[in-house]
Amino acid sequence: MAQIFPEWTNKLPPIVAGIVILVLVGTVGFFWYYGSPYYTDVGYRPEQPVPYSHKLHAGDLGLDCRYCHTGVEVSPVAGVPPTQTCMNCHVMVKPESEKLKAIRKSWETGEPMEWIRIHKVPDYAYFDHSIHINSQIGCSSCHGRIDRMEVVSLAEPLSMKWCLNCHRNPAPYIRPPGNVTNMRWVPSKDQLAFANRFISEKKIDPPTDCTGCHR
Amino acid sequence: MSKELTNMSSTGKEYWRSLEQLAKTPEFEAFLHREFPEGTAEGGATFSRRNFLTLMGASLALAGLTSCRRPVEKIIPYVIAPEEIIPGIPLYYATSMPFGTEAIGLVVENHEGRPTKLEGNPKHPHSLGKANTFAQAAILDLYDPDRSQSVLYRGAEKSWSEFLTAWKALIKEYESSDGEGLAILSESFASPTLARLKKAFRQRFPKARWATYEPVSDENILSGVNIAVGEICHPVYHFEEARVILSLDSDFLQLEHDNIRNAAGFADGRRVITQDDEMNRLYVVESAMTITGGMADHRYRLQSRRIGAFTAALALELTTRDVPVSGVEALGAYTHHPFDEKWLGALADDLIRNAGRSLVVAGRRQPAEVHALALAINSALNNINRTVEYYPPGDIEMSRQEDLIALVQAANSGDVTSLVILGGNPVYNTPVDLAFKEAIDKITHTVHLSTHVDETSRHVEWHIPEAHFLECWGDVHTPEGTLSIIQPQIEPLFGGAKRKYWPP
């Protein structure tokens, strides 16, 4: 009696199993990478209502970050400067510039500017600028070379892994006093010795337990 | 199937699932014969159920992908930054919350000009750094989207200035008649400023009526004290001094006047730190389980209406034990009582043993007589000025039902032509038998100030949105006279809202 199934069907189960596994791994891998902050977030640079340039203001003009981000040393949030701060200069500098129209409008009407947020930690995680700045962690460790950015973009993934990498070993990032907003800072040769002294003196102890950040 | 349902009655017991089925209304018959209830689309010509499910399935599957996109969020800075505000760091301001005739001293957490949390002010003698459920919930009231948002004239939106014009014309008519026909129905308050305004109003309109009504108030307590000593006074309890406490239907830990201080005092009296400390003992007689009942060492269940008799039995019991309670003769000769002899006896003994350090409190719900008797018992036990003090209420404006009744009668007989209701919802919460709603409909001009558009607002000519206490200035004082300021935390959220203290 002729066989119902030809011989090649014997190979069918392993082939099907192989395809299923490939599809599964592919799908998981796809979302693993493309759904992660590395793909979705890093490099995020939305268009802002005013083409404000950190490269010009913080880099070329050399304004200190804290001139505009005033809360950064004392408050959980760094904050974005009020319209008034821009107008301190721009009543004199380029008062007619087309690019500053939104700023002037805000100044005249009293309607606040609406900047698009770039750095964002989810609400279920707690982040506080002041404690990091007071532990001598520089802006550029977390925000990259802002002074070279025409438009701010997300330099680091801000993922949990990224936070923990530093929390487990903050020594390479701790700067000597006065360098927090220094964009050009590079670790000196005795960085580790300095940092370890600083950590033990100031009792720096970044939380690595879940409730430290998920409070 | 439907046949079965409707004919079920032919044999056996008749069961029905709704009154319509029982009555066999035509609507119900029609309903039975339709597969889907009215209002459900039964697969129109262009859109079948299957099509719908196919499309929904596909959109659901794709919906997951949209979450991969980052939501756009804004950072909105100030235009001109206020000097004292650093974004991200809350500021704390002291204020107080008027609650009936109570004053709860609070500290408000304020984020960039928005109050977010209320806690007790540790420096305020009546909140001692704690707050109660009402104070905690008051912040939700502030942001309640259902709050009334504009002036209404017979339900139609009007502007504040339109009301002022109408009001000024109206009030002019009463100037010449000294306020004849004008009436005010107010909520109770303990505010020197409001008291002053009331006095000014009285002087300008001597013939106007004024009634104060509050559905939940200490009226019974005050008139009880009046019965006992011939003077209206407010009791202030010192639970921390009391070793033995008897609560007669009084939920003093949660619902009575001054419950924050009561709870703190009670906890102090109960706390044991060294081995020499004793705990206080709490006896509770009540009809329903309350927080206070839950703390009781000895709880006696009793119908609310029998608590007066229980108090009388206790007074007589004390008298037989050589602690004469004044006025007890009025209760008649003591033969027996229907209550648990052992319980009552032990309670009387315990109170006597701790005379001067015991406290009998009765709840708001109990009639004045029970309060008079409680005062007499406290007096017999030498507790007055030790565990309980009495303060004359001064200019505190208190709820008085008789004034409300007089107002309704005057309205019914046409003696009231204009009524201004300052807060509250009397159409809803006055006793039904009073027929307040019908009375108010007979008044020509009515104005209602309240936080919400409620039952009363729908029966008045003008409705005016009231500002929340976090939105306006004010003042308030406690029975002992601690004055505190109500500081606004934010401009009125809803443009139309006017404060209680509007400029004259």
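Values below: every heavy atom of this structure, side chains too, minus hydrogens, waters and symmetry copies. Chain identifiers are assigned alphabetically (A, B, ...) following the order of the sequence lines, protein sequences preceding nucleic acid strands; residue numbering begins at 1 within each chain.
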- Do Val152(A) and Ile146(A) have side-chain heavy atoms sitting under 4.5 Å apart? yes
- Query: What residue in Val79(B), Ile89(B), Ile86(B) has the most heavy-atom pairs under 4.5 Å with chain A?
  - Reply: Val79(B)
- Message: Taking side-chain contact (heavy atoms from CB on, under 4.5 Å) as the definition, give me every residue that meets it alongside Asp147(A), ordered by chain and number, with sequence neighbours left out.
- Response: Arg145(A), Met183(A), Arg184(A)
- Task: Count the heavy atoms belonging to other residues, nucleotides or ligands that lie under 6.0 Å from CE of Met160(A), then report whether that count exceeds 12.
- Result: no
Please tabulate, for the side chains in residues 197-208 of chain A, all donor-acceptor contacts under 3.5 angstrom to protein atoms that are two or more places apart in sequence or on a different chain.
| from | atom 1 | to | atom 2 | distance (Å) |
| --- | --- | --- | --- | --- |
| Ser200(A) | OG | Asn196(A) | O | 3.2 |
| Ser200(A) | OG | Arg197(A) | O | 3.1 |

- Task: Report yes if some heavy atom in the side chain of Glu102(B) is under 4.5 Å from a heavy atom in the side chain of Ile260(B); otherwise report no.
- Result: no
- Applying salt bridge (Lys or Arg N to Asp or Glu O under 4.0 Å) to Asp146(B) and not counting sequence neighbours gives none
- Query: So which bits of residues 96-114 of chain A come within less than 4.5 Å of chain B, counting non-hydrogen atoms only?
  - Reply: Ser106(A), Trp107(A), Gly110(A), Glu111(A), Pro112(A), Met113(A), Glu114(A)
